[in-house]
2 protein chains.
Amino acid sequence: MKKVDTESRQKSILNAIVESYVDSAAPVGSRAIAQRFRNSISPATIRNVMADLEEKGLIMQPYTSAGRVPTDKGYRFYVDSLLELKHLTKEEESIINKLIRQSTSDIEYVMQNASKAISLVTNVAGVVLTPRLKRSIFKHIELFNMDDSRIMAVIVTTSGFVKNSIMDFEEHLTGQELTRIAEFLNSELEGVSLGEIKSYLTRKLLEERDSFYIFLKRATDILSIPGLFKADDHLYFDGAACIMSHPEFTDIKKTRLFLRACEDKKGLLNLLNQDMELEGIKIHIGKENLYNEIQDLSIVTCNYKVNDMTVGAIAAIGPTRMEYGRVISVLKYISIELGKELESLG
Amino acid sequence: MKKVDTESRQKSILNAIVESYVDSAAPVGSRAIAQRFRNSISPATIRNVMADLEEKGLIMQPYTSAGRVPTDKGYRFYVDSLLELKHLTKEEESIINKLIRQSTSDIEYVMQNASKAISLVTNVAGVVLTPRLKRSIFKHIELFNMDDSRIMAVIVTTSGFVKNSIMDFEEHLTGQELTRIAEFLNSELEGVSLGEIKSYLTRKLLEERDSFYIFLKRATDILSIPGLFKADDHLYFDGAACIMSHPEFTDIKKTRLFLRACEDKKGLLNLLNQDMELEGIKIHIGKENLYNEIQDLSIVTCNYKVNDMTVGAIAAIGPTRMEYGRVISVLKYISIELGKELESLG
DNA sequence: AATAGCACTCTAAGTGTTAGAGTGCTAATT
DNA sequence: AATTAGCACTCTAACACTTAGAGTGCTATT
């Protein structure tokens with residue numbers, strides 16, 4: 001008899017179990033797997049392999065003598081070693097493009113529609129994190145007086161993101177003075193990322209000692225206003241309803257946990273901000289998500305770039321039993337298209 | 001025996017049925033009502049009255065010989081004629097104020113927190129519609145060049161709302177020219193609502209015939225850019241998870257309908273925009289909501305004002321079985337506080 | 001007009017039964 | 001030595017059946 005590599009057979013059976021379970025949402029029995037292999041392996045053999053896989057903690061039985069279900073660890077192994085990416089169909093790509101390229105030149109719409117695109121094509125919830133201001137590149141600033149004591153600043157970044165902020169400023173500056181300061185900043189700060197502006201100006205300030213100092217000081221003061229780079233942490237969310245089509249949510253408790261997770265902006269924000277630092281796809285499976293008591297949920301995230309600079313992230317949230325291959329492809333595709341669209345708006 | 005006014009007894013029994021049902025979520029029997037009246041009326045009498053109420057379509061039985069449940073019509077009569085407003089406790093007021101008055105001077109936060117406040121205090125979902133630009137009063141405009149072919153406009157309204165828009169503009173204007181146009185608009189448009197600007201300028205344009213004309217024409221052209229007043233239709237939403245605590249949502253189908261209704265931004269937007277035109281509280285009960293197949297859901301809305309001008313609306317969405325008295329009081333209170341906060345930001 | 005009494009209805013919850021899907025083990029087969 | 005067939009065993013999900021009790025409507029009584 002031909003010698004069979006035990007390990008590779010275990011892998012391919014795990015693969016079959018995961019895919020079958022993802023597809024059917026029901027515990028997978030040895031017979032079903034045997035059929036997947038066109039009965040080239042008998043159910044009995046598969047049962048033996050399954051026992052091994054269970055010992056390794058990759059699959060489990062919901063109860064004695066039921067079929068097997070992948071564990072978090074099983075999914076982890078699957079996505080790390082077995083998973084094959086699915087190509088998007090032309091149709092799916094066109095749905096996505098139609099949603100993202102609305103050419104309304106309004107970033108809010110683009111973001112909202114990007115999250116809708118994620119949920120529509122993957123059938124799980126979609127989340128989009130707005131471009132991080134600190135990661136964005138300075139393009140233009142405008143300053144003007146709102147009234148006697150308040151100045152408004154409008155900062156435009158190369159990614160087309162516009163941030164305005166009203167600030168109390170004790171000393172009154174004339175419109176001309178403000179214009180001069182803005183002009184100075186515009187020539188000085190080109191290409192600097194917003195996150196570096198502060199240290200950049202402070203450094204300048206230390207070098208400068210002549211009459212120019214007081215002018216530079218004012219500019220620095222204005223840009224030091226706390227509210228200026230804050231509040232850029234908006235999440236766009238879509239697909240809460242569509243996720244209810246998954247059978248795991250017939251249990252109200254799980255639905256509630258899911259909704260709670262989705263409304264926990266802080267937690268999501270943390271996760272996305274963290275994942276953003278890493279390139280490409282990141283996957284958090286079930287209990288790996290320690291940031292919350294989220295169980296039975298997986299989160300897949302992907303950074304997106306504008307002019308080769310990572311500025312934000314998108315994500316998909318769904319039951320651990322999700323089509324990882326498709327979800328990953330979709331996020332990759334959308335992150336690229338979103339980046340392109342933002343560049344064209346910038 | 002003392003003569004009893006039949007009609008007023010019917011009313012007070014309907015009142016008792018609604019309040020008992022809102023409280024317990026279970027069909028209300030004649031015994032329970034009798035106890036509410038400290039047995040001053042016997043269950044048998046109440047049964048007779050109930051039969052009358054049922055005939056009028058104000059209550060119904062989920063099945064033969066079960067207790068009674070209010071119909072949409074019953075709720076309608078209740079909110080129109082019987083309902084007593086509940087005062088907010090100091091505690092509730094303080095929760096609301098803490099959320100709304102974060103003094104971050106960031107409107108997004110204020111809106112987000114207002115919706116959170118609604119859901120937190122009423123235990124149903126909260127929605128906040130951003131101030132309608134067209135209803136807002138012009139305060140200040142600033143124009144500057146983004147690059148050779150694009151101009152950025154920043155408009156500030158008295159309600160503190162800032163709208164920026166980038167527009168393609170075929171003829172290149174120098175910074176000075178833009179500044180002059182902005183200065184002109186600033187002096188000219190003070191106190192005009194954004195919705196009237198267009199017609200205001202067109203009127204001006206007709207009167208004017210001298211060299212000033214071309215200047216005025218440019219200003220008009222700039223403000224005619226379509227994107228400028230668009231995209232001010234953002235909804236802030238909170239409380240999807242908290243609503244799951246209501247027993248009506250043990251049925252997954254209803255949960256799904258609810259989530260679908262909440263994600264149907266267009267429908268909600270329409271409803272809120274419409275209701276905004278009317279002063280005070282508006283209530284849509286169950287199937288009265290024709291804008292969607294929403295059933296078993298009620299929507300309560302309230303406009304809010306800045307400087308005595310209605311600019312937006314807030315709403316609560318929950319099962320028809322909701323504490324209307326409390327919800328109404330909360331919306332009234334929050335709409336006022338929200339208006340005040342926006343004034344202080346403006 | 002209001003109420004007590006009573007027969008009747010219907011549900012929700014609990015119990016019992018059964019079909020069938022799936023397992024693990026052992027012995028037979030290749 | 002690896003694979004497989006056979007078989008006894010386990011557990012669930014589904015269905016039928018029973019029953020307690022909450023609530024009703026009607027009729028006779030106060």
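Heavy-atom basis, side chains included; hydrogens, waters and symmetry copies ignored. So you know, we letter chains A, B, ... as the sequences are listed, proteins then strands, and number each from 1. As the structure is a prediction and not an experimental result, all values here were calculated from the model.
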- request: State whether a side-chain donor-acceptor pair under 3.5 Å links B:T301 with B:D275.
  value: yes
field: Interatomic distance, B:R31 CZ vs C:dG5 C1' [rounded to whole Å]
entry: 14 Å
task: Calculate the interatomic distance between A:I59 atom CD1 and C:dT23 atom C1'; express it in whole Å.
output: 12 Å
message: Ring centroids only, cut at 6.0 angstrom: are B:F237 and A:F237 within range, meaning strictly under it?
response: no
- prompt: For nucleotides 10-20 of chain D, read 5' to 3', which letter fits each nucleotide if B means a protein heavy atom sits under 4.0 Å from the base, S means only the sugar-phosphate is that close, and - means neither?
  reply: BSS--------
Considering only nitrogen or oxygen atoms on both sides, find all protein atoms under 3.5 Å from nucleotides 25-28 of chain D and state each distance.
| from | atom 1 | to | atom 2 | distance (Å) |
| --- | --- | --- | --- | --- |
| D:dG25 | OP1 | B:R68 | NH2 | 3.0 |
| D:dG25 | N7 | B:R47 | NE | 3.1 |
| D:dG25 | O6 | B:R47 | NH2 | 3.1 |

message: For A:R76, I'd like to know if atom CZ has over 12 heavy atoms of other residues, nucleotides or ligands within 6.0 Å.
response: yes
From A:R68 atom CZ to A:I46 atom CD1, the distance as rounded to the nearest 0.5 Å: 11.5 Å
- prompt: Hey, does the side chain of A:S115 reach the backbone of A:V127 with a donor-acceptor pair shorter than 3.5 angstrom?
  reply: no
- prompt: Taking only N and O in the side chain of B:T45, is any of them less than 4.0 Å away from OP1 or OP2 of C:dT3?
  reply: yes
- prompt: For the pair made of CZ in B:F37 and C1' in C:dT3, what is the distance, rounded to whole Å?
  reply: 17 Å
query: Once you round it to whole Å, what is the distance between C1' of C:dA2 and CZ of B:R9?
result: 8 Å
- line: B:D52 atom CG is separated from D:dT24 atom P, nearest whole Å, by 14 Å
task: Could you tell me whether the side chains of B:Y333 and B:E92 share a donor-acceptor contact shorter than 3.5 Å?
output: no
message: Does B:K116 have more than 12 heavy atoms from other residues, nucleotides or ligands lying within 6.0 Å of its NZ?
response: no
- prompt: Do other residues, nucleotides or ligands put more than 12 heavy atoms under 6.0 Å from A:K265 NZ?
  reply: yes
